Enquirer: 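If you scroll down you'll find the structure; I have some questions about it.
We use all heavy atoms of the structure for the numbers below, so side chains are in, but hydrogens, waters and symmetry mates are not. As the structure is a prediction and not an experimental result, all values here were calculated from the model. Both ligands and their constituent atoms are indexed starting at 1 by order of listing. Residue indices begin at 1 and follow the sequence shown.
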Amino acid sequence: MPVSSRQRFFIVLLLILAGLLASVWLAGRYAERRQWLERSVEAQGQLELYAQSLRILVERFRAVPAIVAHDGEVQATLRAGADPLLRQQLNHRLQRLNAEAGAAVLYVLDARGETIAASNWQEPGSFVGNHYDFRPYFQDAMREGRGRYFAVGVTTGVPGYFLSRVVRDLDGRALGVVVLKLEMEELQRDWAGQSGVLLVTDRHGIAILASRPAWRFRHLPGLSAAQRAELLAARKYAEQTLQPLGLQALRALDGGGALQRVDGPDGRRDYLWQRRVLSEEGWTLHLLHEAHAPGGAVRSYRLAAGGAWLALAFLLLFLAQRQKNRRLRQRSRAELERLVDERTAELRQAQDELVQAAKMAALGQMSAALAHEINQPLTAMRMQLGSLGLLLARNDAEATQTCLARIDGLLTRMAALTGHLKTFARNSPGGLRERLQPDTVVDHALLLLEPRIRQDDVLVLRQRNAEAWVEGDAIRLEQVLVNLLHNALDAMLGRTVRELRIDLQRDGDAWLLTVGDSGGGIAPGDLARVFEPFFTTKPVGEGLGLGLAVSYGIVRELGGQLEVDNDRDGALFRIRLPAVAAPVTLAAGQQE
Ligand code: ADP
């Protein structure tokens, strides 16, 4: 189905618009992804710092319970059983040691999980006498030698990280457990000033630390009811109710982060959520930043992409248009060339036809004159034949001879006339090159026109030159002379003086054949135009204006020149032809 230019316009417009939308959308997406990635990388850096500070804190106290577990006094007190004096001494010792270490509480449990001494023995919330056998840090230490456990203190209600170590007798029997409680409240308070929300979740997904108090003890999705019950039983988080955090993943981002919609203590909000695992503790750090749609950069990316797309589209359109114009130009030039060739061929054919027609017209004119002319010798011959009969009867041999000679002369002339007529009517192929004498050609031309010359009573003045030889086609040169003579005779019609002057002279290395008349000459304004095809001053039907044009061409073809001028009382035509040597077979001056 052909597409109209209107339809094409709309298709191109649609394509440009579609491309514009696509490029703007893609650029927006790209800018957004870049921005999210940048923020993710930034958040990861922050998380790394938080992880570092947490790790340093734990590391600082990790060795303390191990050292205390090897303490002889601790072991002796545990071995001694319920000895109030020893226990009191241990209380003092633990108090001093903890003051050095800087932890929250340092205490010793016996093999049944009862606190026999604690650094806070003097304080209202003293641990002394309390049972902690249900705590995993006690059970782990008794079983595996050490334990680490996060929990909210049952006595104090203050959350802490418990690091424990078993105390063994010399024979390897477990005497009890040394426990150090770390409170991270201060660290948490430091975080509160930072941007975003920082959470530390334990392996159950419960936020044990949070930079904002309301987020603490919320749990991430995935905690089953059974697990929850179990945790409550262990009183790990004391009286905390463990509220859930509603999470809805919006989009995963490059660099490991994600966009999450959170139903949390601050209501429903979208966060850029980044996490990092702390493998030693089994904890995970979470950093949440409120996700504001990246605005400015995205807008400028979109604008730039739209601009670039439009520029590209218009450049392509411009190039396509240029290509089309070039094709059109080429096509029209080819068309023009074809037209010119066609017209030229037509003209050439018309010209050829006209030339032939002109020749035939001239032949017609001459045939009429010749018929009239041949009639005369025929009548004369018939008379001579009559006389011949009489002379034969009289048996006058001498007179008979004369009569026959006259008849022969008449026949010879008629044969010459018809012979030339034939050759003139033929369309000579041209290009024939033979040596010829201009005088002979002039003779033939005059012979052809003799009837008219006689009829018009024209005086012919000739200057011959028997040495003159030129090269060319005799028939064509004769055609030139017939044309010139014809024009001269036409010009002299009705003039009182009628003189035809034909001269042949040497001019440098050429022969100059001139034909002059007393016909009054050519108007000065026409002199330059007489050789133009179809230039004629003769009435319609008499002149075609081709004679001189054809003649000019023939002379040029023979290597010569044809010129015209006005002389005394008429026109003077000059034919200049290159001279050639006389052929050796013929003696100079000898005629045909
Ligand atoms: P045509 O004879 O058919 O007009 P030609 O080409 O032979 O065509 O001649 C062109 C014109 O040149 C003639 O019409 C005439 O005006 C002028 N012309 C040619 N020969 C002569 C002459 N001998 N004297 C005056 N005018 C001439």
Enquirer: Under a 4.0 angstrom heavy-atom cut-off, which atoms of ligand 1 come close to F535?
Expert: 10 (C), 11 (C)

Enquirer: Decide, yes or no, whether a salt bridge links D490 with R452 under the criterion of side-chain N to carboxylate O below 4.0 Å.
Expert: yes

Enquirer: Applying a 4.0 Å heavy-atom criterion (strictly less than), which segment of F573 is in contact with ligand 1: side chain, backbone, both, or neither?
Expert: side chain

Enquirer: Establish, for the pair R506 and W511, whether the NZ or CZ atom is under 6.0 angstrom from the six-membered ring centre and no further than 45 degrees off its axis.
Expert: yes

Enquirer: Output the list of atoms in ligand 1 that are nearer than 4.0 Å to some heavy atom of A571, sorted by atom number.
Expert: 22 (C), 23 (N), 24 (N)

Enquirer: Got more than 12 heavy atoms from elsewhere within 6.0 Å of CD, E48?
Expert: yes

Enquirer: Of L548, T537, N483, D490, which has the heavy atom at the shortest distance from atom 14 (O) of ligand 1?
Expert: T537

Enquirer: Residues in side-chain contact (heavy atoms from CB on, under 4.5 Å) with T402, at least two apart?
Expert: R406

Enquirer: For ligand 1, is G521 a contact, meaning one of its heavy atoms is under 4.0 Å away?
Expert: yes

Enquirer: Is there a donor in the side chain of H286 and an acceptor in the side chain of Q260, or the other way round, less than 3.5 Å apart?
Expert: no

Enquirer: For atom 4 (O) of ligand 1, which of V515, D517, T536, L489 has the closest heavy atom?
Expert: T536

Enquirer: Let me have the donor-acceptor pairs involving side chains of residues 311-333, under 3.5 Å, with sequence neighbours excluded, atom names and distances please.
Expert:
from	atom 1	to	atom 2	distance (Å)
S332	OG	L328	O	3.4
S332	OG	R329	O	2.9

Enquirer: Check whether any N or O atom of I522, backbone or side chain, sits under 3.5 Å from an N or O atom of ligand 1, and answer yes or no.
Expert: no

